[in-house]
Asker: 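This is the structure, below, for whatever I ask next.
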Amino acid sequence: KVTRFCKHKETTMKINVTSINQSFGKDEQTSQVIVALNGNSTDGSGDYLSSSVNVTAKDLPEGTTFDDVLDSEIETLARKKLADYAAVAMPIRVSSINRNYDQQTHEITNTVVSLLGSMTDGTNDYINYHTTITKEDLPSDKTFATMTASALKTLAKAKLVAVTKVA
């Protein structure tokens with residue numbers, strides 16, 4: 001269980017490995033290891049993360065091959081790579097912002113932001129992240145009425161970095 005704190009609200013998402021796919025070449029040497037990592041919020045917000053990360057030989061400790069490492073070590077390397085991708089290494093863009101209104105007050109109650117990222121280096125590594133921003137996530141001097149799309153994007157990206165961060 002990973003518990004991260006955003007500016008004002010606790011975000012809890014358990015990110016699980018759903019598969020480790022190790023492919024071998026004709027020489028029986030590992031040619032590729034793809035790790036699928038997925039998570040869902042435990043707070044009822046509907047937040048989720050779906051990702052695929054290639055762990056390569058250059059990610060391994062020096063002098064080590066895939067024949068020498070445990071699945072837990074591959075998982076650790078994949079989680080670190082996912083955190084690096086979320087923080088800086090992967091271009092991540094906003095695919096949508098959905099503002100939800102309270103029908104009685106006609107004010108925004110929350111905003112759902114979807115982020116997508118993919119590597120263009122041939123690995124097919126990707127991140128698909130969907131997060132709900134509530135009033136508690138906003139800076140203390142802001143309301144939804146004073147939040148621009150740019151500010152909402154920044155908040156969503158910060159939440160992604162928080163939930164993928166490796167302790």
Side-chain angles (χ1 to χ4, degrees), residues 1-21 34-55 59 71-121 123-167:
K1 178 178 165 184
V2 178
T3 302
R4 304 283 182 230
F5 294 91
C6 288
K7 218 171 197 56
H8 298 91
K9 182 182 160 195
E10 181 180 306
T11 300
T12 305
M13 180 179 292
K14 183 173 180 166
I15 298 175
N16 298 305
V17 171
T18 57
S19 70
I20 297 176
N21 182 345
I34 302 171
V35 181
L37 297 144
N38 294 302
N40 289 294
S41 63
T42 58
D43 62 6
S45 66
D47 291 6
Y48 69 85
L49 174 120
S50 173
S51 64
S52 178
V53 175
N54 270 280
V55 177
D59 298 320
D71 287 350
S72 60
E73 294 169 287
I74 292 171
E75 177 181 341
T76 298
L77 293 168
R79 287 181 185 278
K80 181 183 178 320
K81 205 166 198 179
L82 176 64
D84 290 344
Y85 280 160
V88 293
M90 181 182 283
I92 295 176
R93 68 176 183 83
V94 173
S95 62
S96 68
I97 297 176
N98 183 14
R99 296 161 183 88
N100 297 305
Y101 285 79
D102 179 302
Q103 294 306 297
Q104 263 70 51
T105 65
H106 305 289
E107 292 180 2
I108 297 172
T109 56
N110 65 53
T111 303
V112 180
V113 181
S114 295
L115 302 175
L116 294 173
S118 61
M119 294 303 288
T120 57
D121 59 3
T123 61
N124 294 322
D125 290 2
Y126 73 89
I127 293 174
N128 179 8
Y129 182 60
H130 178 95
T131 188
T132 303
I133 295 173
T134 64
K135 290 179 214 171
E136 293 79 25
D137 294 316
L138 301 179
S140 57
D141 63 337
K142 295 284 187 180
T143 65
F144 282 113
T146 62
M147 290 292 288
T148 63
S150 177
L152 291 169
K153 289 187 238 181
T154 300
L155 267 177
K157 288 179 180 181
K159 286 180 79 172
L160 171 62
V161 169
V163 299
T164 59
K165 188 172 185 177
V166 177

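What you see is a predicted model; the values in this text were computed from it and never measured.
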Asker: Determine the sole option in N128, I127, V94 for which the side-chain contact (heavy atoms from CB on, under 4.5 Å) test with L115 is passed.
Answerer: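 Testing each of N128, I127, V94 against L115, the sole residue satisfying side-chain contact (heavy atoms from CB on, under 4.5 Å) is V94.
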Asker: For the backbone of S72 and the side chain of T76, can you confirm whether one donor and one acceptor N or O come within less than 3.5 Å of each other?
Answerer: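 Confirmed, T76 side chain pairs with S72 backbone.
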Asker: Under the rule for salt bridge (Lys or Arg N to Asp or Glu O under 4.0 Å), what residues qualify as partners of K80, not counting sequence neighbours?
Answerer: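 With sequence neighbours excluded, K80 shows a salt bridge (Lys or Arg N to Asp or Glu O under 4.0 Å) to D84, given in chain and number order.
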Asker: Any side-chain heavy atom of V17 within less than 4.5 Å of one from V35?
Answerer: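 SC-SC contact between V17 and V35 confirmed.
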Asker: Rounded to the nearest 0.5 Å, what separation is found between the CG atom of N54 and the CG atom of N124?
Answerer: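 It is 7.5 Å, given to the nearest 0.5 Å.
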Asker: Can you name the residues that form a salt bridge (Lys or Arg N to Asp or Glu O under 4.0 Å) with E107, not counting sequence neighbours?
Answerer: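 E107: no salt bridge (Lys or Arg N to Asp or Glu O under 4.0 Å) contacts found.
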Asker: Say whether, by atom type as modelled, one donor and one acceptor occur between the side chain of D121 and the main chain of T123 under 3.5 angstrom.
Answerer: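 Side chain of D121 to backbone of T123: a pair is present.
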Asker: Looking at side-chain heavy atoms only, is the closest gap between V113 and I133 below 4.5 Å?
Answerer: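 Side chain of V113 against side chain of I133, heavy atoms only: contact under 4.5 Å found.
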Asker: Can you find a heavy atom in the side chain of N16 that is under 4.5 Å from one in the side chain of N38?
Answerer: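 Counting from C-beta outward, N16 and N38 never come under 4.5 Å.
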Asker: With a 3.5 Å cut-off and no angle check, do the side chains of T109 and D102 form a donor-acceptor pair?
Answerer: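 On atom types as modelled, these side chains do not qualify, holding no pair under 3.5 Å.
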Asker: Hey, could you give me the CG/CE distance between N40 and M13, rounded to the nearest 0.5 Å?
Answerer: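 If I round to the nearest 0.5 Å, the distance is 6.5 Å.
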Asker: Answer yes or no: is there a side-chain heavy-atom contact under 4.5 Å between L49 and L82?
Answerer: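 Side chain of L49 against side chain of L82, heavy atoms only: contact under 4.5 Å found.
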Asker: Could you give the distance from CG (L155) to CG (D137), rounded to the nearest 0.5 Å?
Answerer: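 Rounded to the nearest 0.5 Å, the CG-CG separation comes out at 6.5 Å.
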Asker: Do D125 and S52 pair up side chain to side chain, a donor and an acceptor below 3.5 Å, judged on atom types alone?
Answerer: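 The criterion, which ignores hydrogens and geometry beyond distance, is not satisfied for S52 and D125.
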Asker: Would you name the heavy atoms of L152 and R99 that are closest together and state the gap between them?
Answerer: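 For L152 and R99, the tightest heavy-atom pair comes out as CD1-NH2, 4.0 Å.
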Asker: Determine whether a donor-acceptor pair (N or O, by modelled atom type, separation under 3.5 Å) exists between the side chain of K135 and the backbone of F144.
Answerer: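 Looks like no, no N/O pair under 3.5 Å.
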Asker: Do you know which two heavy atoms are closest between S118 and M90, and how far apart they sit?
Answerer: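 In this case the closest contact between S118 and M90 is N-SD, 3.6 Å.
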Asker: If we count only N and O atoms by modelled type, under 3.5 Å, do the side chains of T134 and N110 hold a donor and an acceptor together?
Answerer: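 No - no donor-acceptor pair under 3.5 Å links their side chains.
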Asker: Among residues at least two apart in sequence or on other chains, which ones pass side chain to side chain donor-acceptor pair (under 3.5 Å) with S41?
Answerer: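 Per chain and number, S41 pairs via side chain to side chain donor-acceptor pair (under 3.5 Å) with D43, S45.
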Asker: Who pairs with D59 by salt bridge (Lys or Arg N to Asp or Glu O under 4.0 Å), at least two apart in sequence or on another chain?
Answerer: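 With neighbours one apart ignored, the set is K81.
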Asker: Side chains of T164 and Y129: closer than 4.5 Å at any heavy-atom pair?
Answerer: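 Contact flag for T164/Y129 side chains = no.
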Asker: Under the rule for ring pair (Phe, Tyr, Trp, His ring centres under 6.0 Å), what residues qualify as partners of Y48, not counting sequence neighbours?
Answerer: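 By the ring pair (Phe, Tyr, Trp, His ring centres under 6.0 Å) rule, Y48 matches H130.
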Asker: Quick check for you: to the nearest 0.5 Å, what is the distance between N21 atom CG and I34 atom CD1?
Answerer: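 Nearest 0.5 Å value for the CG-CD1 distance: 5.5 Å.
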Asker: If you apply the rule side chain to side chain contact (heavy atoms under 4.5 Å, CB included), what do you find for T111 with N98, and how did you get there?
Answerer: CA-CA 5 Å; T111 303; N98 183 14; over 6 Å; no
Asker: At their closest point, which heavy atom of L160 faces which heavy atom of A86, and how far apart are they?
Answerer: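 So the two residues come closest at CG-CB, 3.8 Å.
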Asker: Only counting residues at least two apart or in another chain, list the ones meeting side chain to side chain contact (heavy atoms under 4.5 Å, CB included) with R93.
Answerer: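 Expected list: S95, L116.
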Asker: So which atom in M147 and which in P139 form the shortest heavy-atom distance, rounded to 0.1 Å?
Answerer: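 Heavy atoms of M147 and P139 come nearest at SD-CD, 4.2 Å.
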